[in-house]
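Read through the structure below, which is laid out as structure tokens, and then see the notes.
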Amino acid sequence: MKTAEHTELLEREGSLLADAAREAGLDAPVPTCPDWRVRDLLRHTGTVHRWATRFVAEALPGFEPWQERLDLDGDALLDWFREGHARLVAALREAPADLECWTFLPAPSPLAFWARRQANETAVHRIDAESARGGALSALDARFAADGIDELLRGFHGRAKSRMRTAEPRVLRVRTTDAEGTWTVRLSADVAVTEQGETAPADCEVSGAAADLYLALWNRRSFPEVSGDADLAALWSEKSGV
């Protein structure tokens with residue numbers, strides 16, 4: 001997907017998140033993040049938005065930590081979230097294509113990285129906000145969901161800090177049924193290696209619509225379809241949090 005598409009999706013997802021948070025109420029529990037209330041969700045996501053904006057707007061060359069705002073609540077918190085989200089969208093649209101700044105996952109460019117990462121960050125937490133509100137979830141574009149699965153599998157779970165390990169070599173297949181996307185995840189005691197396509201026989205396959213798989217792989221719902229060794233799918237739910 002193009003950077004402009006990710007930025008448009010970020011804009012949409014952040015607006016939906018804010019609307020759902022307002023409708024749910026800031027004290028509502030977030031069932032997909034059991035330790036959080038909606039205010040925690042807004043504080044976290046709003047902080048991440050401002051953190052990402054600094055790298056893009058200031059072309060920061062190295063890692064900078066963030067500190068979440070714990071002093072905001074009520075309407076002030078919602079306004080703060082919306083303002084930070086709008087600043088991030090604007091920074092991405094105004095940044096030069098050849099932007100150089102710090103990133104932490106492979107991507108075609110730093111600008112592409114931040115647009116993709118923040119679109120997915122915001123989409124996952126929009127789902128959390130809508131889960132707190134109750135009712136149907138807003139639709140998630142299948143192509144975006146498949147792209148987000150790719151970021152999760154080949155990005156986050158290609159890092160040393162991923163806890164998705166197995167004592168003996170195992171292979172997990174991930175297959176979308178409504179978008180282009182099949183991945184072979186080679187698991188072992190070392191860092192997982194994910195390849196696009198069917199590159200090895202699978203011990204377990206999880207499959208389904210891209211949006212449903214996206215939610216399952218981010219541990220927001222159960223896998224739609226599991227074939228083969230179901231224990232491997234269960235291990236994902238237990239160990240894959242990032």
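We use all heavy atoms of the structure for the numbers below, so side chains are in, but hydrogens, waters and symmetry mates are not.
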inquiry  = Side chains of Thr184 and Arg173: any donor to acceptor distance under 3.5 Å?
reply    = yes
message = Check this for me: does any side-chain nitrogen of one of Asp19 and Arg82 sit under 4.0 Å from a carboxylate oxygen of the other?
response = yes
message = To the closest 0.5 Å, what do you measure between CH2 (Trp236) and NZ (Lys239)?
response = 13.5 Å
request  = State, yes or no, whether a side-chain contact exists between Arg39 and Asp27 at a heavy-atom distance under 4.5 Å.
outcome  = yes
inquiry  = Return the CZ to CG distance between Arg43 and Leu72, rounded to the nearest 0.5 Å.
reply    = 7.0 Å
ask   = For Lys161 and Phe156, what are the C-alpha separation, side-chain angles and deciding distance, and is it a side-chain contact (heavy atoms from CB on, under 4.5 Å)?
value = CA-CA 8 Å; Lys161 62 177 63 178; Phe156 279 103; over 6 Å; no
request  = Mark yes when over 12 heavy atoms from residues, nucleotides or ligands other than Asp71 sit less than 6.0 Å from its CG; otherwise mark no.
outcome  = yes
ask   = Is it the case that Glu195 and Thr199 place a side-chain donor and acceptor less than 3.5 Å from each other?
value = yes
request  = Might you point out which heavy atoms bring Thr177 and Ala209 nearest each other, and give the distance in Å?
outcome  = OG1-N, 3.3 Å
query = Would you call the rings of Trp66 and Trp51 parallel, tilted or perpendicular if under 30° counts as parallel and over 60° as perpendicular?
reply = perpendicular
query = Between His44 and Glu121, is any pair of side-chain heavy atoms under 4.5 Å apart?
reply = yes
request  = Determine whether Val193 and Val185 fall in the same hydrophobic cluster, where Ile, Leu, Val, Met, Phe, Trp and Tyr are linked whenever their side-chain heavy atoms lie under 4.5 Å apart.
outcome  = no
ask   = To the nearest 0.5 Å, what is the distance between CZ (Arg221) and CG (Leu213)?
value = 10.5 Å
Listed once per pair and sorted, the ring-ring contact (aromatic ring centres under 6.0 Å, His included) pairs that draw on residues 167-200, sequence neighbours left out = none
remark   = Value for CG (Leu152) from OH (Tyr214), rounded to nearest 0.5 Å, stands at 8.5 Å
Residue pair Glu13 / His85, side-chain donor-acceptor N/O under 3.5 Å = no
key: Hphob cluster co-occupancy, Val89 + Val124, side-chain heavy atoms under 4.5 angstrom   = yes
message = Before you tell me yes or no, could you show the steps for Leu10 and Leu92 under side-chain contact (heavy atoms from CB on, under 4.5 Å), namely the whole-Å CA-CA distance, both residues' side-chain angles and the distance that decides it to 0.1 Å?
response = CA-CA 10 Å; Leu10 165 63; Leu92 289 166; 3.5 Å; yes
message = Minimum heavy-atom separation for Leu26 and Gly74, please, with both atom names.
response = CD1-N, 3.3 Å
inquiry  = Before you tell me yes or no, could you show the steps for Trp80 and Thr47 under side-chain contact (heavy atoms from CB on, under 4.5 Å), namely the whole-Å CA-CA distance, both residues' side-chain angles and the distance that decides it to 0.1 Å?
reply    = CA-CA 10 Å; Trp80 175 83; Thr47 298; 3.6 Å; yes
Flag side-chain contact, heavy atom, 4.5 Å: Leu105 against Glu151 = yes
ask   = If Ile, Leu, Val, Met, Phe, Trp and Tyr residues are connected whenever their side-chain heavy atoms lie under 4.5 Å apart, and connections chain through other members, are Val171 and Met164 in the same group?
value = no
ask   = Among the clusters formed by ILVMFWY side chains lying less than 4.5 Å apart, do Leu153 and Leu140 turn up in the same one?
value = yes
request  = State the CG-OG1 distance between Asp212 and Thr176, to the nearest 0.5 angstrom.
outcome  = 11.5 Å
remark   = Note: Asn219 and Ser237 closest approach over all heavy atoms is OD1-CA, 3.3 Å
Step-by-step side-chain hydrogen bond (donor to acceptor under 3.5 Å, both in side chains) determination, Asp147 to His6 = CA-CA 10 Å; Asp147 180 75; His6 280 126; 2.9 Å; yes
task = Side-chain contact test, heavy atoms from C-beta onward, threshold under 4.5 Å: evaluate it for Arg143 versus Met1 and give yes or no.
result = yes
query = Is Thr182 close to Val174 at the side-chain level, that is, under 4.5 Å between some pair of heavy atoms?
reply = no
request  = Compare every heavy atom of Ala123 with every heavy atom of Phe144, then report the nearest pair and how far apart it is.
outcome  = CE2-CB, 3.8 Å
message = Measuring only between side-chain heavy atoms, which start at C-beta, is Val191 closer than 4.5 Å to Arg165?
response = yes
Glu100 CD to Leu111 CG distance, which is reported to the nearest 0.5 Å = 10.5 Å
request  = State whether Glu11 and Arg93 are salt-bridged, where the test is any N-O pair (Lys NZ or Arg NE/NH1/NH2 against Asp/Glu carboxylate O) under 4.0 Å.
outcome  = yes
ask   = Should the pair His49 and Phe81 be assigned to parallel (<30°), tilted (30 to 60°) or perpendicular (>60°) ring geometry?
value = tilted
Using atom types as modelled, flag every donor-acceptor pair under 3.5 Å from a side chain in residues 128-138 to any protein atom, sequence neighbours excluded.
from	atom 1	to	atom 2	distance (Å)
Asp128	OD1	Thr32	OG1	2.6
Asp128	OD1	Arg220	NE	2.9
Asp128	OD1	Arg220	NH2	3.4
Asp128	OD2	His125	ND1	2.8
Asp128	OD2	Arg220	NH2	2.9
Glu130	OE1	Arg126	NH1	2.9
Glu130	OE1	Ser138	N	2.8
Glu130	OE2	Ser138	OG	2.6
Ser131	OG	Ile127	O	2.8
Arg133	NH1	Glu23	OE1	3.3
Arg133	NH2	Ala136	O	3.0

query = Do Glu83 and Arg50 meet the salt-bridge criterion of a basic N to acidic O distance under 4.0 Å?
reply = yes
Nearest non-hydrogen partners of Pro224 and Gly208, listed with the distance = CG-CA, 3.9 Å
ask   = Is any side-chain heavy atom of Trp114 closer than 4.5 Å to a side-chain heavy atom of Cys101?
value = yes
message = By the definition side-chain contact (heavy atoms from CB on, under 4.5 Å), identify the one residue from Asp203, Leu172, Leu187 that meets it with Thr166.
response = Leu187
query = Would you say the side-chain atoms of Asp40 pair up with the backbone N or O of Arg37, donor to acceptor, closer than 3.5 Å?
reply = yes
query = What's the shortest heavy-atom distance between Arg186 and Ala200, and which atoms?
reply = NH2-CB, 3.5 Å
Expected output: side-chain Glu8 to main-chain Glu5 donor-acceptor under 3.5 Å = no
ask   = Do the non-hydrogen side-chain atoms of Gln196 and Arg154 ever get within less than 4.5 Å of each other?
value = yes
request  = Not counting sequence neighbours, which residues clear side-chain contact (heavy atoms from CB on, under 4.5 Å) with Ser227? List them please.
outcome  = Glu205
query = Does Ala142 offer a backbone N or O that forms a donor-acceptor pair with the side chain of Asp178 under 3.5 Å?
reply = no
message = So that I know where these two stand, are Phe104 and Phe63 an aromatic pair - ring centroids less than 6.0 Å apart?
response = no
query = Same hydrophobic cluster for Leu78 and Leu88, using side-chain heavy-atom links shorter than 4.5 Å among ILVMFWY?
reply = no
inquiry  = Please determine whether side-chain contact (heavy atoms from CB on, under 4.5 Å) holds for the pair Leu217 and Ser240, giving the CA-CA distance in whole Å, both sets of side-chain angles, and the decisive distance to 0.1 Å.
reply    = CA-CA 8 Å; Leu217 290 163; Ser240 69; over 6 Å; no
Heavy atoms of other groups near Glu198 CD, more than 12 under 6.0 Å = yes
